[in-house]
Amino acid sequence: MKSIYFLHYFHSLVFILLLSINTFVMAPGLTHDGDYSSSNGSTSSKPTVYVIDQFNKTAIEHAKTIFNVILPEDKGFAEWRQKASALLIRGSHLTADDIASCPNLVAIGKHGVGIDKIDQAACASRGIKICNTPGANARDVAELVLALTMTVARGIRSITTRQMTKPVPKETCNGLTLYKKTLGIIGMGNIGRTVAEIFRGAFDAEVVAFDVFMPDNAWPHIPHDRVQDIQEVIRRADVLSIHVPLTEETRDMISYKEIRLMKPHAIIINAARGGIVNEADLTKALAEGHLWGAGLDCHEQEPPTFEKYGALWGNLNVVSTPHIGAATIRAQTASATAAVNNLYDYLMSISS
(Lines give C-alpha, C1' and ligand atoms only; values in the text may rest on other atoms or scores of the structure.)
Protein backbone atom coordinates (compact mmCIF):
# COMPACT_ATOMS: atom_id res chain seq x y z
CA MET A 1 0.00 0.00 0.00
CA LYS A 2 2.77 2.40 0.87
CA SER A 3 4.38 1.69 -2.49
CA ILE A 4 1.10 2.59 -4.28
CA TYR A 5 0.88 5.91 -2.39
CA PHE A 6 4.51 6.61 -3.15
CA LEU A 7 3.98 5.87 -6.86
CA HIS A 8 0.94 8.15 -6.97
CA TYR A 9 2.87 10.90 -5.20
CA PHE A 10 5.78 10.49 -7.62
CA HIS A 11 3.50 10.73 -10.69
CA SER A 12 1.84 13.85 -9.28
CA LEU A 13 5.18 15.46 -8.65
CA VAL A 14 6.33 14.73 -12.21
CA PHE A 15 3.07 16.11 -13.59
CA ILE A 16 3.43 19.35 -11.62
CA LEU A 17 7.04 19.70 -12.68
CA LEU A 18 6.19 19.20 -16.37
CA LEU A 19 3.32 21.66 -16.12
CA SER A 20 5.61 24.25 -14.57
CA ILE A 21 8.20 23.78 -17.30
CA ASN A 22 5.54 24.06 -20.02
CA THR A 23 4.12 27.21 -18.42
CA PHE A 24 7.60 28.74 -18.30
CA VAL A 25 8.35 27.91 -21.94
CA MET A 26 5.02 29.19 -23.24
CA ALA A 27 4.70 32.20 -20.96
CA PRO A 28 3.39 35.27 -22.82
CA GLY A 29 6.11 37.72 -23.79
CA LEU A 30 9.03 35.30 -23.48
CA THR A 31 10.63 34.20 -26.73
CA HIS A 32 12.79 31.18 -27.42
CA ASP A 33 15.96 33.21 -26.91
CA GLY A 34 14.87 34.62 -23.57
CA ASP A 35 14.01 38.16 -24.73
CA TYR A 36 10.86 39.70 -23.34
CA SER A 37 8.46 40.83 -26.04
CA SER A 38 6.03 43.69 -26.07
CA SER A 39 2.48 43.28 -27.39
CA ASN A 40 3.57 44.38 -30.87
CA GLY A 41 6.19 41.66 -31.09
CA SER A 42 9.29 43.77 -30.44
CA THR A 43 11.79 42.61 -27.83
CA SER A 44 12.82 45.05 -25.19
CA SER A 45 16.23 43.46 -24.63
CA LYS A 46 17.23 43.90 -28.26
CA PRO A 47 18.87 47.18 -29.25
CA THR A 48 16.65 49.52 -31.23
CA VAL A 49 17.78 50.84 -34.61
CA TYR A 50 16.13 53.55 -36.70
CA VAL A 51 16.48 52.95 -40.45
CA ILE A 52 16.82 56.32 -42.15
CA ASP A 53 16.85 55.18 -45.79
CA GLN A 54 15.31 52.47 -47.92
CA PHE A 55 17.28 49.29 -47.22
CA ASN A 56 17.48 45.90 -48.91
CA LYS A 57 14.50 43.77 -47.80
CA THR A 58 16.60 40.70 -47.04
CA ALA A 59 18.87 42.77 -44.81
CA ILE A 60 15.89 44.30 -42.99
CA GLU A 61 14.42 40.87 -42.31
CA HIS A 62 17.79 39.83 -40.92
CA ALA A 63 17.98 43.03 -38.84
CA LYS A 64 14.62 42.21 -37.25
CA THR A 65 16.12 39.05 -35.76
CA ILE A 66 18.73 41.01 -33.77
CA PHE A 67 17.27 44.53 -33.47
CA ASN A 68 14.04 46.27 -32.74
CA VAL A 69 13.78 47.84 -36.19
CA ILE A 70 11.93 51.12 -36.71
CA LEU A 71 11.39 51.98 -40.37
CA PRO A 72 10.38 55.35 -41.85
CA GLU A 73 6.78 54.17 -42.22
CA ASP A 74 6.53 52.92 -38.63
CA LYS A 75 4.83 54.71 -35.78
CA GLY A 76 7.41 56.49 -33.68
CA PHE A 77 9.94 56.96 -36.47
CA ALA A 78 9.49 60.75 -36.34
CA GLU A 79 11.10 60.69 -32.90
CA TRP A 80 14.39 59.23 -34.14
CA ARG A 81 16.34 62.40 -33.36
CA GLN A 82 15.27 62.43 -29.74
CA LYS A 83 15.45 58.69 -29.10
CA ALA A 84 17.88 56.98 -31.46
CA SER A 85 21.03 55.43 -30.05
CA ALA A 86 21.70 53.61 -33.34
CA LEU A 87 20.96 54.47 -36.96
CA LEU A 88 21.15 52.62 -40.26
CA ILE A 89 21.83 54.96 -43.17
CA ARG A 90 22.40 54.46 -46.87
CA GLY A 91 22.54 57.61 -48.97
CA SER A 92 21.13 60.43 -46.85
CA HIS A 93 23.24 63.28 -45.55
CA LEU A 94 23.80 63.42 -41.80
CA THR A 95 24.97 66.91 -40.94
CA ALA A 96 26.53 68.31 -37.78
CA ASP A 97 23.13 69.76 -36.88
CA ASP A 98 21.50 66.36 -37.35
CA ILE A 99 24.05 64.76 -35.06
CA ALA A 100 23.68 67.53 -32.47
CA SER A 101 19.94 66.86 -32.42
CA CYS A 102 20.54 63.21 -31.44
CA PRO A 103 21.60 63.28 -27.77
CA ASN A 104 21.54 59.49 -27.41
CA LEU A 105 23.32 58.52 -30.60
CA VAL A 106 26.31 56.19 -30.16
CA ALA A 107 26.68 54.41 -33.50
CA ILE A 108 25.76 54.60 -37.19
CA GLY A 109 25.63 51.63 -39.54
CA LYS A 110 26.53 52.87 -43.03
CA HIS A 111 25.51 50.95 -46.14
CA GLY A 112 28.60 51.11 -48.39
CA VAL A 113 32.14 52.27 -47.87
CA GLY A 114 31.75 56.02 -48.46
CA ILE A 115 31.09 58.14 -45.37
CA ASP A 116 31.54 61.59 -46.92
CA LYS A 117 27.81 62.36 -46.48
CA ILE A 118 28.17 61.99 -42.70
CA ASP A 119 29.79 64.78 -40.71
CA GLN A 120 32.74 62.77 -39.43
CA ALA A 121 34.13 65.56 -37.25
CA ALA A 122 30.83 65.90 -35.40
CA CYS A 123 30.73 62.15 -34.84
CA ALA A 124 34.34 62.05 -33.67
CA SER A 125 33.78 64.84 -31.15
CA ARG A 126 30.97 62.81 -29.57
CA GLY A 127 32.66 59.43 -29.88
CA ILE A 128 29.96 58.21 -32.27
CA LYS A 129 31.13 55.15 -34.20
CA ILE A 130 30.55 54.98 -37.96
CA CYS A 131 30.37 51.33 -39.07
CA ASN A 132 30.74 51.25 -42.86
CA THR A 133 31.16 48.20 -45.10
CA PRO A 134 34.50 48.24 -46.94
CA GLY A 135 34.88 45.37 -49.37
CA ALA A 136 31.22 44.33 -49.46
CA ASN A 137 30.67 45.69 -52.98
CA ALA A 138 34.26 45.59 -54.27
CA ARG A 139 33.61 42.96 -56.94
CA ASP A 140 30.55 44.74 -58.28
CA VAL A 141 32.25 48.13 -58.55
CA ALA A 142 35.30 46.53 -60.16
CA GLU A 143 33.12 44.86 -62.79
CA LEU A 144 31.57 48.24 -63.61
CA VAL A 145 35.08 49.66 -64.04
CA LEU A 146 35.69 46.93 -66.61
CA ALA A 147 32.37 47.69 -68.34
CA LEU A 148 33.05 51.44 -68.49
CA THR A 149 36.57 50.90 -69.79
CA MET A 150 35.50 48.57 -72.58
CA THR A 151 32.56 50.80 -73.52
CA VAL A 152 34.84 53.83 -73.83
CA ALA A 153 37.65 51.92 -75.53
CA ARG A 154 35.39 50.57 -78.28
CA GLY A 155 33.36 53.77 -78.75
CA ILE A 156 30.10 52.01 -77.94
CA ARG A 157 28.24 55.18 -76.92
CA SER A 158 29.26 56.96 -80.11
CA ILE A 159 28.20 54.03 -82.27
CA THR A 160 24.85 53.42 -80.60
CA THR A 161 24.01 57.14 -80.49
CA ARG A 162 24.68 57.60 -84.21
CA GLN A 163 22.86 54.39 -85.02
CA MET A 164 19.66 55.77 -83.48
CA THR A 165 19.20 58.07 -86.49
CA LYS A 166 20.78 56.18 -89.38
CA PRO A 167 22.86 53.09 -90.16
CA VAL A 168 26.49 53.30 -89.08
CA PRO A 169 29.00 51.86 -91.57
CA LYS A 170 31.56 49.80 -89.66
CA GLU A 171 34.31 51.62 -91.55
CA THR A 172 33.46 54.73 -89.53
CA CYS A 173 33.97 52.95 -86.20
CA ASN A 174 37.25 52.92 -84.35
CA GLY A 175 38.43 51.67 -80.98
CA LEU A 176 41.34 50.77 -78.74
CA THR A 177 42.77 47.35 -77.95
CA LEU A 178 43.24 46.82 -74.22
CA TYR A 179 45.46 43.73 -74.43
CA LYS A 180 48.75 44.27 -72.58
CA LYS A 181 47.97 47.94 -71.98
CA THR A 182 49.03 49.60 -68.72
CA LEU A 183 46.44 49.93 -65.98
CA GLY A 184 47.15 52.73 -63.51
CA ILE A 185 45.52 52.35 -60.11
CA ILE A 186 45.28 55.20 -57.61
CA GLY A 187 44.14 53.64 -54.33
CA MET A 188 45.10 50.05 -53.56
CA GLY A 189 42.18 49.06 -51.32
CA ASN A 190 39.61 46.33 -51.91
CA ILE A 191 38.19 47.79 -55.12
CA GLY A 192 41.54 48.81 -56.60
CA ARG A 193 42.91 45.33 -55.91
CA THR A 194 39.91 43.64 -57.54
CA VAL A 195 40.18 45.89 -60.61
CA ALA A 196 43.86 44.94 -60.93
CA GLU A 197 43.00 41.23 -60.69
CA ILE A 198 40.32 41.52 -63.38
CA PHE A 199 42.51 43.48 -65.80
CA ARG A 200 45.43 41.11 -65.29
CA GLY A 201 43.19 38.16 -66.09
CA ALA A 202 41.26 39.73 -68.96
CA PHE A 203 43.99 41.67 -70.75
CA ASP A 204 47.31 40.52 -69.30
CA ALA A 205 47.62 44.16 -68.33
CA GLU A 206 50.70 45.71 -66.81
CA VAL A 207 49.71 47.27 -63.50
CA VAL A 208 51.24 50.36 -61.93
CA ALA A 209 49.81 51.41 -58.58
CA PHE A 210 50.01 54.22 -56.04
CA ASP A 211 48.79 54.40 -52.45
CA VAL A 212 50.25 56.35 -49.54
CA PHE A 213 48.58 54.22 -46.86
CA MET A 214 48.84 50.58 -47.91
CA PRO A 215 51.77 48.54 -46.54
CA ASP A 216 54.78 47.85 -48.74
CA ASN A 217 53.85 44.17 -49.06
CA ALA A 218 50.32 44.80 -50.38
CA TRP A 219 49.14 42.75 -53.37
CA PRO A 220 51.77 39.97 -53.19
CA HIS A 221 49.69 37.83 -55.59
CA ILE A 222 49.38 40.51 -58.30
CA PRO A 223 52.37 41.36 -60.51
CA HIS A 224 52.55 45.15 -60.37
CA ASP A 225 54.85 48.13 -60.10
CA ARG A 226 54.26 50.04 -56.87
CA VAL A 227 55.46 53.64 -57.32
CA GLN A 228 55.90 56.48 -54.83
CA ASP A 229 54.95 59.32 -57.19
CA ILE A 230 51.34 59.72 -58.29
CA GLN A 231 52.44 61.56 -61.42
CA GLU A 232 54.29 58.45 -62.57
CA VAL A 233 51.05 56.48 -62.49
CA ILE A 234 49.30 59.25 -64.43
CA ARG A 235 52.02 59.41 -67.10
CA ARG A 236 52.28 55.67 -67.62
CA ALA A 237 48.62 54.68 -67.57
CA ASP A 238 46.65 53.74 -70.68
CA VAL A 239 43.68 53.30 -68.36
CA LEU A 240 43.70 55.33 -65.14
CA SER A 241 41.27 53.99 -62.53
CA ILE A 242 40.66 55.96 -59.32
CA HIS A 243 39.79 54.30 -56.02
CA VAL A 244 40.31 56.76 -53.17
CA PRO A 245 37.79 58.52 -50.89
CA LEU A 246 36.88 62.15 -51.39
CA THR A 247 38.80 64.25 -48.86
CA GLU A 248 40.33 67.70 -48.81
CA GLU A 249 43.54 66.09 -50.03
CA THR A 250 41.95 64.16 -52.92
CA ARG A 251 39.54 66.84 -54.16
CA ASP A 252 40.63 67.90 -57.68
CA MET A 253 43.42 65.32 -57.52
CA ILE A 254 43.05 64.89 -61.29
CA SER A 255 42.94 68.41 -62.75
CA TYR A 256 44.00 69.92 -66.06
CA LYS A 257 47.71 69.69 -65.28
CA GLU A 258 47.48 65.99 -64.45
CA ILE A 259 45.28 65.23 -67.45
CA ARG A 260 47.80 66.89 -69.77
CA LEU A 261 50.45 64.51 -68.40
CA MET A 262 48.48 61.53 -69.64
CA LYS A 263 48.89 59.77 -72.95
CA PRO A 264 46.78 61.31 -75.72
CA HIS A 265 44.77 58.07 -76.09
CA ALA A 266 44.44 57.31 -72.38
CA ILE A 267 41.14 56.64 -70.60
CA ILE A 268 40.11 57.98 -67.19
CA ILE A 269 37.71 55.94 -65.06
CA ASN A 270 36.22 57.42 -61.89
CA ALA A 271 34.12 54.96 -59.91
CA ALA A 272 35.14 56.44 -56.56
CA ARG A 273 33.63 59.86 -55.76
CA GLY A 274 32.69 62.97 -57.70
CA GLY A 275 35.10 65.84 -57.13
CA ILE A 276 38.29 63.78 -57.33
CA VAL A 277 38.42 64.48 -61.06
CA ASN A 278 37.92 68.17 -61.83
CA GLU A 279 34.98 67.98 -64.22
CA ALA A 280 35.50 71.37 -65.88
CA ASP A 281 39.14 70.50 -66.56
CA LEU A 282 38.18 67.10 -67.94
CA THR A 283 35.63 68.74 -70.26
CA LYS A 284 38.28 71.19 -71.47
CA ALA A 285 40.92 68.53 -72.09
CA LEU A 286 38.49 66.34 -74.03
CA ALA A 287 37.34 69.31 -76.13
CA GLU A 288 40.99 69.93 -77.01
CA GLY A 289 41.32 66.35 -78.25
CA HIS A 290 43.47 65.16 -75.37
CA LEU A 291 42.53 61.73 -73.97
CA TRP A 292 40.60 59.01 -75.74
CA GLY A 293 37.68 59.30 -73.35
CA ALA A 294 36.34 58.88 -69.83
CA GLY A 295 34.01 56.61 -67.90
CA LEU A 296 32.36 58.27 -64.90
CA ASP A 297 30.16 56.56 -62.36
CA CYS A 298 30.62 59.42 -59.89
CA HIS A 299 29.90 63.12 -60.29
CA GLU A 300 29.94 66.23 -58.16
CA GLN A 301 26.20 66.50 -58.78
CA GLU A 302 24.32 63.27 -58.23
CA PRO A 303 22.32 62.19 -60.00
CA PRO A 304 23.97 63.97 -62.93
CA THR A 305 21.76 66.10 -65.22
CA PHE A 306 22.07 67.28 -68.80
CA GLU A 307 21.82 70.88 -67.64
CA LYS A 308 25.09 70.52 -65.74
CA TYR A 309 26.90 67.94 -67.85
CA GLY A 310 25.69 68.68 -71.37
CA ALA A 311 29.10 70.04 -72.44
CA LEU A 312 30.92 67.01 -71.05
CA TRP A 313 28.43 64.55 -72.54
CA GLY A 314 28.75 66.26 -75.89
CA ASN A 315 31.90 64.19 -76.30
CA LEU A 316 30.56 60.77 -77.33
CA ASN A 317 33.58 59.04 -75.85
CA VAL A 318 32.34 59.96 -72.40
CA VAL A 319 30.18 57.34 -70.67
CA SER A 320 28.37 58.55 -67.58
CA THR A 321 26.30 56.51 -65.11
CA PRO A 322 24.50 57.67 -61.93
CA HIS A 323 26.70 55.98 -59.28
CA ILE A 324 25.57 52.42 -60.03
CA GLY A 325 28.75 50.60 -59.05
CA ALA A 326 27.00 48.78 -56.23
CA ALA A 327 23.60 48.61 -57.94
CA THR A 328 23.46 44.83 -58.21
CA ILE A 329 21.30 42.37 -56.30
CA ARG A 330 24.35 40.73 -54.74
CA ALA A 331 26.03 43.98 -53.71
CA GLN A 332 22.90 45.53 -52.22
CA THR A 333 22.22 42.45 -50.10
CA ALA A 334 25.84 42.03 -49.03
CA SER A 335 26.45 45.68 -48.19
CA ALA A 336 23.17 46.20 -46.34
CA THR A 337 23.59 42.99 -44.36
CA ALA A 338 27.16 43.94 -43.48
CA ALA A 339 25.96 47.35 -42.24
CA VAL A 340 23.44 45.61 -39.98
CA ASN A 341 25.97 43.11 -38.63
CA ASN A 342 28.77 45.62 -38.13
CA LEU A 343 26.46 47.94 -36.21
CA TYR A 344 25.17 45.10 -34.04
CA ASP A 345 28.67 43.76 -33.32
CA TYR A 346 29.84 47.20 -32.24
CA LEU A 347 26.85 47.74 -29.94
CA MET A 348 27.42 44.34 -28.36
CA SER A 349 31.11 45.10 -27.88
CA ILE A 350 30.42 48.29 -25.93
CA SER A 351 27.63 46.77 -23.87
CA SER A 352 29.64 43.76 -22.67
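Ionic pairing of Glu61 and Lys64 is present here: one or more N-O contacts between side-chain nitrogen and carboxylate oxygen are shorter than 4.0 angstrom. Checked for salt-bridge contact, Arg273 and Glu302 miss the test: no charged N lies under 4.0 Å from a carboxylate O. Ion pairing between a basic and an acidic side chain is recognised when a charged N comes within 4.0 Å of a carboxylate O; Asp281 and Lys257 show no such pairing.
No donor-acceptor distance shorter than 3.5 angstrom exists from the side chain of Asn137 to the backbone of Ala326, with no hydrogens or angles considered. At distances below 3.5 Å, not a single donor-acceptor pair connects side-chain atoms of Asn132 with backbone N or O atoms of Pro134. At distances below 3.5 Å, not a single donor-acceptor pair connects side-chain atoms of Lys284 with backbone N or O atoms of Glu288. Judged purely by atom type and a 3.5 angstrom limit, Gln82 has no side-chain atom pairing as donor or acceptor with the backbone of Cys102.
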- request: Please report the C-alpha distance between Thr58 and Thr333 in whole Å, then the side-chain angles of each, then the deciding distance to 0.1 Å, and finally whether the side chain to side chain donor-acceptor pair (under 3.5 Å) criterion is met.
  value: CA-CA 7 Å; Thr58 300; Thr333 302; 4.8 Å; no

Steps toward side-chain contact (heavy atoms from CB on, under 4.5 Å) verdict (His290, Arg260): CA-CA 7 Å; His290 198 73; Arg260 291 295 301 180; 3.6 Å; yes

field: Test log, rule side-chain contact (heavy atoms from CB on, under 4.5 Å), inputs Leu176 and Arg154
entry: CA-CA 6 Å; Leu176 299 177; Arg154 297 306 300 265; over 6 Å; no

task: Go through Ser241 and His243 one step at a time and tell me if the side chain to side chain donor-acceptor pair (under 3.5 Å) criterion holds.
output: CA-CA 7 Å; Ser241 194; His243 303 287; 2.6 Å; yes

- prompt: Going through the checks in order, is the side-chain contact (heavy atoms from CB on, under 4.5 Å) test met by Asn317 and Leu286?
  reply: CA-CA 9 Å; Asn317 262 11; Leu286 286 165; 6.0 Å; no

message: Run Val106 and Leu347 through side-chain contact (heavy atoms from CB on, under 4.5 Å) and show every step you take.
response: CA-CA 8 Å; Val106 297; Leu347 294 175; 3.9 Å; yes

- request: Quick one: do Arg251 and Glu300 satisfy salt bridge (charged side-chain N to carboxylate O under 4.0 Å, His left out)? Show the steps, please.
  value: CA-CA 10 Å; Arg251 183 173 294 279; Glu300 289 191 85; 3.8 Å; yes

- prompt: For Asp98 and Thr95, what are the C-alpha separation, side-chain angles and deciding distance, and is it a side chain to side chain donor-acceptor pair (under 3.5 Å)?
  reply: CA-CA 5 Å; Asp98 292 325; Thr95 67; 3.1 Å; yes

task: Might you work through the side chain to side chain donor-acceptor pair (under 3.5 Å) test for Arg90 and Gln332, ending with a clear yes or no?
output: CA-CA 10 Å; Arg90 180 181 175 185; Gln332 290 299 302; 2.8 Å; yes

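Residues Arg139 and Thr328 are not in side-chain contact: their nearest non-hydrogen atoms beyond the backbone lie 4.5 Å or more apart. In this structure the side chain of Ile99 reaches within 4.5 angstrom of the side chain of Arg126, judged on heavy atoms. Leu296 is listed as a side-chain neighbour of Leu312, based on a closest heavy-atom distance under 4.5 Å. For the pair Arg236/Gln231, no side-chain contact is recorded, criterion being any heavy-atom separation below 4.5 Å from C-beta on. The shortest distance between side-chain heavy atoms of Ser85 and Pro47 does not fall below 4.5 Å. Looking at heavy atoms from C-beta onward, His224 lies in side-chain contact with Met188 at the 4.5 angstrom threshold. Side-chain atoms of Ser158 and Ile156, non-hydrogen and from C-beta on, never get closer than 4.5 Å to each other. Side-chain atoms of His111 and Leu88, non-hydrogen and from C-beta on, never get closer than 4.5 Å to each other.
Ring geometry, His265 versus Trp292: the interplanar angle exceeds 60°, so the pair is classed perpendicular (tilted spans 30 to 60°). Note: His299 and Trp313 have perpendicular aromatic rings, judged against thresholds of 30 and 60 degrees for the angle between ring planes.
Counted within 6.0 Å of CZ on Arg81, heavy atoms from surrounding residues, nucleotides or ligands total more than 12; the atom is thus considered enclosed. Counting non-hydrogen atoms of other residues, nucleotides and ligands closer than 6.0 Å to NZ of Lys83 gives a total of 12 or fewer. Within a 6.0 Å sphere centred on CD of Gln54, heavy atoms belonging to other residues, nucleotides or ligands number 12 at most. More than 12 non-hydrogen atoms from other residues, nucleotides or ligands lie less than 6.0 angstrom from CE of Met214. By the 6.0 Å contact criterion, CD1 on Ile329 is open, its count of non-hydrogen atoms from other residues, nucleotides or ligands being 12 or less.
Here the shortest heavy-atom pairing between Ala138 and Ile191 reads CA-CG1, 3.7 Å. The two residues Ile186 and Val244 have their closest heavy-atom pair at O-CG1, 3.6 Å. When all heavy atoms are compared, the tightest approach of Cys123 to Ile118 is SG-CG2, 3.9 Å. The two residues Ala86 and Thr48 make their nearest non-hydrogen contact at CB-O, 3.8 Å. The minimum heavy-atom distance between Ala205 and Leu183, with the atom names listed, is CB-CB, 4.5 Å. Across all their heavy atoms, Val318 and Arg157 have their closest contact at O-NH1, 3.0 Å.
A distance of 11.0 Å separates CG in Asp74 from CG in Asn68, rounded to the nearest 0.5 Å. From Ser335, atom OG reaches atom CG of Asp140 across 9.5 Å, with rounding to the nearest 0.5 Å. With rounding to the nearest 0.5 Å, the separation of OG1 in Thr337 from CG in Asn342 is 10.5 Å. Of the inter-residue distances, the one linking Ile269 atom CD1 with Thr149 atom OG1 reads 3.5 Å to the nearest 0.5 angstrom. With rounding to the nearest 0.5 Å, the separation of CE in Met253 from CG in Asn270 is 10.5 Å. Considering OG1 of Thr250 and CD1 of Ile242, their distance stands at 9.5 Å, rounded to 0.5 Å.
If you check the side chains of Tyr309 and Glu279, you find a donor sitting under 3.5 Å from an acceptor. His221 and Glu197 share a donor-acceptor pair across their side chains, judged by distance under 3.5 Å alone. Side-chain contact check for Asp53 and Ser92: at least one donor-acceptor pair (N or O, by modelled atom type) lies under 3.5 Å. Judged purely by distance below 3.5 Å, without hydrogens or angles, the side chains of Asp297 and Thr321 pair a donor atom with an acceptor atom. In this model, a donor atom of one side chain and an acceptor atom of the other lie less than 3.5 Å apart for Arg162 and Thr172.
Linking Ile, Leu, Val, Met, Phe, Trp and Tyr residues whenever their side-chain heavy atoms come within less than 4.5 Å leaves Val319 and Met164 in two separate clusters. Cluster annotation: Phe67 is not connected to Phe77 through the hydrophobic network of ILVMFWY side chains, with a link wherever side-chain heavy atoms come within less than 4.5 Å. Cluster membership check: Ile234 does not share its hydrophobic cluster with Val207, using side-chain heavy-atom separations under 4.5 Å among Ile, Leu, Val, Met, Phe, Trp and Tyr. No chain of hydrophobic side-chain contacts below 4.5 Å, direct or via other Ile, Leu, Val, Met, Phe, Trp or Tyr residues, connects Val208 to Trp219. Leu87 and Leu71 fall into different hydrophobic clusters, where Ile, Leu, Val, Met, Phe, Trp and Tyr side chains are chained together by heavy-atom contacts under 4.5 Å.
Judged by a 6.0 Å distance limit and a 45° cone about the ring axis, Lys181 is not positioned over the six-membered ring of Phe203.
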